[in-house]
Amino acid sequence: MSLKSFILSGLLVSIATASLDLSSLRDQVKAIFYHAYNGYLDHAFPYDELRPLSCDGIDTWGSYSLTLVDALDTLAVLGNQSEFQRVSEILIDRLDFNVDLNVSVFETNIRVVGGLLSAHLMAQKVGVDVDEKWPCDGPLLKLAVDLARRLLPAFNTRTGMPYGTVNLKRGVDPNETPITCTAGVGTFIVEFATISRLTGDQVFEKVALRALKALHSRRSKIGLVGNHIDVQSGRWTALDSGVGAAVDSYFEYLVKGAILLDKPELMEMFKEYISPIEKHIKHGDWYMWVNMDSGSVTQAMHQSLDAFWPGLQTLYGDADSAYKTLLNYYSVWRKYGATPEFYSIPHAAPYTNREGYPLRPELIESTMYMYRVNKDPMLLEFGNSAMHSINVTSRTECGFASIKDVQDHTLDNRMESFFLAETIKYLYLLFDPGNPLLSTMKGATIRRFKNGEECLLGAGGFVFNTEAHPMDVSSLHCCDTMRKEMQKSEIYKILQDYDPEDIFQVSNLTRDLNPGPFTKTSRNNNQHKEGFNISAQPMSCSRQPFHMRLSKYGQIFTDD
């Protein structure tokens, strides 16, 4: 189908879409969610995921009851306060990360740390009796911090880029491979900076920033990055460059980190990639895979994970180009009722053994963001069509199953946690354009603390992590600013306790214009001088070359 005829058909669809009942669409999304959610609770809990064909459970990413953690903030978005409160209490009581378990640093961060943080930040809005120090403290936040701290050993490398796997109890295995995908290196700033800004522990934000900068400094001469790197040597081990799998969320977190933290340097880092991506990776309205050094095409394919890119483009202001790409991706969905993991652009067909659709959210995510920009009702119709396809092709007796092959819609025995965390959430938000999560100031509240401080929460909008867990920009600003003001106040209070005249008198008392050798005898004699306190004697540098004076503190400054 040509772009012209595709747009024409879209216009016809738009006319029909004008009569869509958004409230009814939201109810249908809720029905899908609860069929999947109740299926998990009935057949799979406390395992990580539901197996929807055999109606049982399996641990996949670490035995966290992962689907429950990932789905918690979706309950809040759907307005189910009582279930949110019940599940929060269950997780607080039973989650224990002090276990001898090897886990993916990347997946654990985006799904579990991210899920706990967003649930913590939403807790008050859904009626939880929060701690008096909330949002700067709370049980869900403590769990997130505990888990994130167990991920920190992964960052102890020569480059600052993290290993891909860590043991929650013992750290990084000495035999662990140093090869990590690009996304696995650059997808921490949203969650880790949220922890740092809420708690004041800066180590998390620092290691995440160091990893981002390490990747950025290793881009090729034509400005691209590969998809796997040795985190100890900094050597690229896979040179294919694209915007999809193994790379995607690195770009996403540069943009979202800049927005969340008001850090222009991160946006500038991202902007340095735009021109190389447009020049080498983009072909027409498709994004392919190229060699990071030469820019020559290595794989003329579309990956389902590429579909996040149009949504990201809307965040930095390139909506027109994004819309054309989104229409291309939509054409693949219309052809199969889903998007295969890998799709050959020249052959217009799925790659062999990569024909599946694991209920991914990326195309729906970009549709939601695009609708925020242009309000084209055709996008609502696409959401309606996607929802209908999932409900018809993937629904089983106890949940929703991944599609093994989009060409014949055979099913696979897996329902990934991101189906409840992302796919359903983005569908619901597409049909709920007035939701406070998508607006600034809407639903903002004033938080009053016992120390007399006040904060405006929910006022600065929300930034979604790559697992669709929303972080409240205002909460981060509140805790960070309040803590800094408190520290300034404490320093001021300490300074007020010192009398400059007393300090001057002590200095004169101890001054000797013709000092002799400072011996044990002279020190003892000085101790008996009236009004003299040896502990108040000012410290002075010993007579030694300038460049050695600070060596006793482990730091040497040279004269040059």
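Position 1 is the first residue of the sequence; numbering continues from there.
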What I want to check is whether the side chains of [X] and [Y] have a donor and an acceptor closer together than 3.5 Å.
X    : Y    : answer
N291 : H280 : no
Y428 : T74  : no
D230 : T237 : no
Y37  : E83  : yes
R94  : S65  : yes
Q232 : T157 : no
D73  : S118 : yes

Indicate, with yes or no, if the rings of [X] and [Y] have centres closer together than 6.0 Å.
X    : Y    : result
F192 : F155 : yes
H302 : Y329 : yes
F419 : F400 : yes

Write down the atom of [X], the atom of [Y], and the distance for their closest heavy-atom approach.
X    : Y    : value
S249 : A183 : OG-CB, 3.5 Å
N465 : G114 : ND2-CA, 3.9 Å
A119 : L72  : CB-CD2, 3.3 Å
F97  : L143 : CE1-O, 3.5 Å
P276 : I222 : CB-O, 3.3 Å

Can you tell me how far [atom2] of [Y] sits from [atom1] of [X], rounded to the nearest 0.5 angstrom?
X    : Y    : atom1 : atom2 : value
R170 : L101 : CZ    : CG    : 10.0 Å
T60  : R414 : OG1   : CZ    : 5.0 Å
D48  : S417 : CG    : OG    : 7.5 Å

Disulfide bond (SG atoms under 2.5 Å apart) between C478 and C136, intermediate numbers included | CA-CA 8 Å; C478 167; C136 313; 5.0 Å; no

Would [X] and [Y] pass as an ion pair if we require N to O under 4.0 Å?
X    : Y    : result
R447 : E454 : no
D100 : K169 : no
D146 : R150 : yes
R360 : E416 : no

Do any N or O atoms from the side chain of R111 and from the backbone of E467 form a donor-acceptor pair under 3.5 angstrom?
-> no

Measure from the side-chain N and O atoms of Y253 to the backbone N and O of T466, and report whether any donor-acceptor pair falls under 3.5 Å.
-> yes

Lys/Arg cation over aromatic F84: R86, 6.0 Å, 45° cone = no

So among T194, V145, D137, which one has a side chain to side chain contact (heavy atoms under 4.5 Å, CB included) with T199?
-> V145

Steps toward ring-ring contact (aromatic ring centres under 6.0 Å, His included) verdict (Y273, Y250) = CA-CA 11 Å; Y273 289 112; Y250 165 53; 5.7 Å; yes

Does S475 have any side chain to side chain donor-acceptor pair (under 3.5 Å) partners at least two apart in sequence or in another chain, and if so, which?
-> D472

Report yes if the side chains of L152 and V203 come closer than 4.5 Å at any heavy-atom pair, otherwise no.
-> yes

Verdict with supporting geometry, K425 and E422, salt bridge (charged side-chain N to carboxylate O under 4.0 Å, His left out) = CA-CA 5 Å; K425 187 183 292 150; E422 299 185 78; over 6 Å; no

